[in-house]
Amino acid sequence: MPDTITREAPRSTAGTGEFDAVIIGAGFSGLYQLHLLRDRLGLSVRVLEQADGVGGTWYWNRYPGARCDSESHSYCYSFSPELYREWEWTERYPEQPEILRYLNWVTDRLDLRRDIAFDTRVTAARYDAAANRWQVTTEAGETLRATYLITAVGCLSTANVPKIPGLESFRGRWVHTGQWPHEGVDFSGKRVGQIGTGSTGIQAVPVIAAQAGHLTVFQRTANYSVPARNAPLDEGFKAWARENYEAIREAMHSTPNGHPFRIEDRSCWDVSEEERRRIYEAGWEKGGLQFRAAFRDLLLDRRANDTAAEFLKAKIREIVKDPETAAKLADIDHPYAAKRPPIDTDYFETYNRDNVTLVDVRSNPIECVTPDGIRLRDGTEYPLDIIVFATGFDAMTGPLLRLNITGRDGLALREAWAAGPRSYLGLQVAGFPNLFTVTGPGSPSVLCNMPVAIEQHAEWIADCIAAMRARGIARIEPRPEAVDRWVDHVNEAANATLLPQAGHSWYLGANVPGKPRVFMPYAGGMARYRQICAEVAAKGYEGFVLSD
Ligand code: N01
C-alpha cells in the first residue's frame with residue numbers, strides 16, 4: 001500500500017483570468033520570480049502551486065535526515081542584503097524543516113502569498129498563437145491566460161518509483177522519500193527495507209536505522225560519501241556571515257559551482273603523494289562538498305580522480321568493520337563526483353550496527369515485491385513491514401513534461417524532446433514563444449548551488465521581459481540554429497569532464513528506463529554561464545527571434 005501525502009479533490013483558488021504572467025511552482029524559483037515580476041516590473045502575476053504550501057522540494061522531501069548539502073549561509077537568497085542578514089540559520093547545513101520555515105518567512109516578508117494559488121495542479125498549457133497568450137488549465141478545470149509562462153517546477157520534483165513487479169501486492173507500507181507523509185513514518189520495531197543509496201538514501205539510512213527494528217539496505221550502485229561534519233553554528237560564524245555578505249555573494253557568483261568556496265588552483269600532480277594525502281585528510285576532517293575542490297583536475301583527469309577515489313574507498317574499509325560489507329560498499333564503479341557526491345552523518349558507521357544489513361542488488365537484482373517483502377533473483381526473500389524508496393527522480397525533464405505543454409503549431413514539448421531535451425541556454429525552447437524554464441535542462445542548475453542558479457535565471461527572465469516591454473516586443477523564442485549550437489556546447493562541456501563516465505547517473509537520464517540518454521545540465525560552470533547569458537542579452541538577445 002503506498003503511503004504518501006494524501007491529496008483531497010482539488011480545491012484550487014487559481015481563479016479564471018487574464019494575467020501578464022503565470023508561474024508554475026512556489027519553491028525557491030517561483031517565489032523569487034513572483035517578487036521580481038510583480039514588485040519590480042509591476043506585472044499581474046499568478047503562481048500556481050500543487051501543494052498546500054510553499055517550498056517546492058522542501059515541501060515534499062520530508063524524509064528522515066533530509067538536510068541540504070550546501071551550507072546554510074549559501075543555501076538561501078542572496079539578492080537582498082536585508083533578507084540575508086535578518087534570517088538566522090542554526091546549523092552548518094540546514095535541515096528540511098528549517099528551510100521550509102525560511103521559505104515561509106520569505107513568502108510573508110515579501111507579501112507573496114496573496115498571489116499564489118495553492119492546491120492547484122497544472123494539467124496542460126497551450127500557446128494560442130493568434131492571441132499570443134498561454135492558456136493554462138488546472139486539475140480543477142480552471143483556465144488562466146497569460147502572455148508569459150514561466151515554469152519554476154524544480155529539477156527533482158517527479159518521484160521515480162521503479163516498476164518492480166508485485167509492488168501492489170505488498171501488505172506493508174511503502175513510501176518514496178520525495179513524497180514523504182507529513183505525519184512521518186514510525187519505524188519503531190519495524191523491519192524496514194530501503195532501496196537506493198544516492199544522496200537521499202545516504203542521509204536517510206542512519207536516521208532510520210536508529211529507530212527501526214531492522215534495516216535492510218538494497219544497494220545497486222555503491223557510492224562515495226564524505227562526512228558532512230554538521231554542527232550548530234556559533235555566534236561568531238553567524239556574525240561573520242552577516243558582515244561578509246558581499247564577499248560571500250561575490251564568491252558564489254565567481255565560482256563554477258555557485259558555492260562560497262573556491263576550487264584550488266593546483267593540479268593533483270603538483271604535490272607529492274604524501275602532501276596529497278595530507279590534503280585529502282584535511283578535506284575529510286573539514287567535511288562537506290568542498291572535498292572535491294581540493295584540486296582543479298579531479299573532474300578532468302581520470303588518474304587524478306583515482307587518487308581521491310582510492311582515498312575515499314580506503315576510508316570506507318577503515319570505518320566498516322565487517323570486511324564483506326566494507327567490500328560491497330567500496331566496490332564503486334564510477335569516478336568520484338561524476339555522480340552528485342553525497343555527504344553524510346555516520347552513513348558508513350551505521351553498517352556497524354547489529355540491526356543493519358547491506359544487500360548487493362547489482363549482482364543479485366530485485367526480482368519482485370511479494371506480499372511480505374522483497375525477493376531477489378536467486379530466490380532469497382527479505383520479509384519487511386515498510387519499504388522506503390530512496391530511488392530518486394525523473395530529473396530535469398520529468399517535471400516539465402508532465403505539464404503537457406503545447407507550443408506553436410500544436411507542437412507538444414514531449415514530441416520536441418522525444419530524443420532528449422533541446423533548449424537555448426536552458427531558458428527557452430524553439431517553438432514555444434514566451435515560455436521560460438527556470439533552471440531548465442541545458443543550464444547549470446543541479447551542478448550549481450541551486451539558489452545561485454535560480455536567482456540568475458529569475459533575474460535574466462525578468463530583465464528580458466522588461467526589455468521586451470520597453471521595446472514593444474510581443475514574442476521571444478530561440479532560433480533553431482541557436483538551440484543546435486547550445487546543445488552542442490552543452491555536450492562539449494560535459495565531455496570535457498569525467499561526468500558522463502558515470503553511465504547510470506540521473507544527469508544522463510539513465511535512472512529512468514526508456515528515458516533518452518542525454519547529459520542534461522550545463523557543465524561549463526555557473527560563472528561562465530552567467531557571462532554567456534549576460535552577453536546574449538547585451539547583444540540584443542542574440543540567438544532569439546523577437547517579434548511584434
Ligand atoms: O536519487 P539518486 P536521490 N533498484 O537518483 C537507486 C539531490 N539531493 O534522491 O545508481 C535498485 O541519486 C539508484 O541506484 P543506481 C541531489 O542532487 C540533494 O538520492 O541507479 N536501486 C540510486 O542508488 C541528488 O543527486 C540533497 O544504480 C534503484 C538511488 O536509487 C538528487 O537529489 C539531498 C532502482 C537513487 O539515487 C537525487 O538524489 C538529497 C532500482 N530499480 C538529494 N532505481 C541536498 O542536499 C533506483 N535505484 C539539497
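Counting starts at 1 for both ligands and their atoms, in listed order.
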Out of R340, H504, H334, the nearest non-hydrogen contact to atom 44 (C) of ligand 1 is supplied by R340
Tell me which part of A395 gets within contact of ligand 1: side chain, backbone, both or neither, using heavy atoms under 4.0 Å. neither
Where on Y507 is there a heavy atom closer than 4.0 Å to ligand 1, on the side chain, on the backbone, on both, or on neither? neither
Has R67 got any heavy atom lying under 4.0 angstrom from an atom of ligand 1? yes
Can you sort out which atoms of ligand 1 are near Y63, meaning under 4.0 Å from one of its heavy atoms? 33 (C), 39 (C)
Heavy-atom distances under 4.0 Å are what count here, so tell me which part of F218 touches ligand 1: side chain, backbone, both or neither. neither
Can you confirm, on distance only, whether ligand 1 has an N/O atom lying under 3.5 Å from any N/O atom belonging to R220? yes
Min over V217, I366, N449, T200 of heavy-atom distance to atom 9 (O) of ligand 1 lands on T200
Give the atoms of ligand 1, by number and element, whose distance to some non-hydrogen atom of F393 is under 4.0 Å. 9 (O)
Proximal ligand 1 atoms for A390, defined as those under 4.0 Å from one of its heavy atoms: 29 (C), 30 (O), 35 (C)
If we set the cut-off at 4.0 Å for heavy atoms, which region of K339 has an atom near ligand 1: side chain, backbone, both, or neither? side chain
Can you find an N/O atom of N160 closer than 3.5 Å to an N/O atom of ligand 1? no
Can you tell me how far the CD atom of Q96 sits from the CG atom of N61, to the nearest 0.5 Å? 8.0 Å
Considering only heavy atoms of T221, which atoms of ligand 1 have at least one such atom less than 4.0 Å away? 10 (O), 15 (P), 27 (O)
Checking side-chain polar atoms at under 3.5 Å, does K238 have a donor or acceptor matched by the opposite partner on H73? no
For ligand 1, which part of P162 has a heavy atom less than 4.0 Å away: the side chain, the backbone, both, or neither? side chain
Considering only heavy atoms, does Q219 approach ligand 1 within less than 4.0 Å through its side chain, its backbone, both, or neither? neither
Going by heavy-atom distance to atom 45 (O) of ligand 1, choose the closest among L289, D69, T57. D69
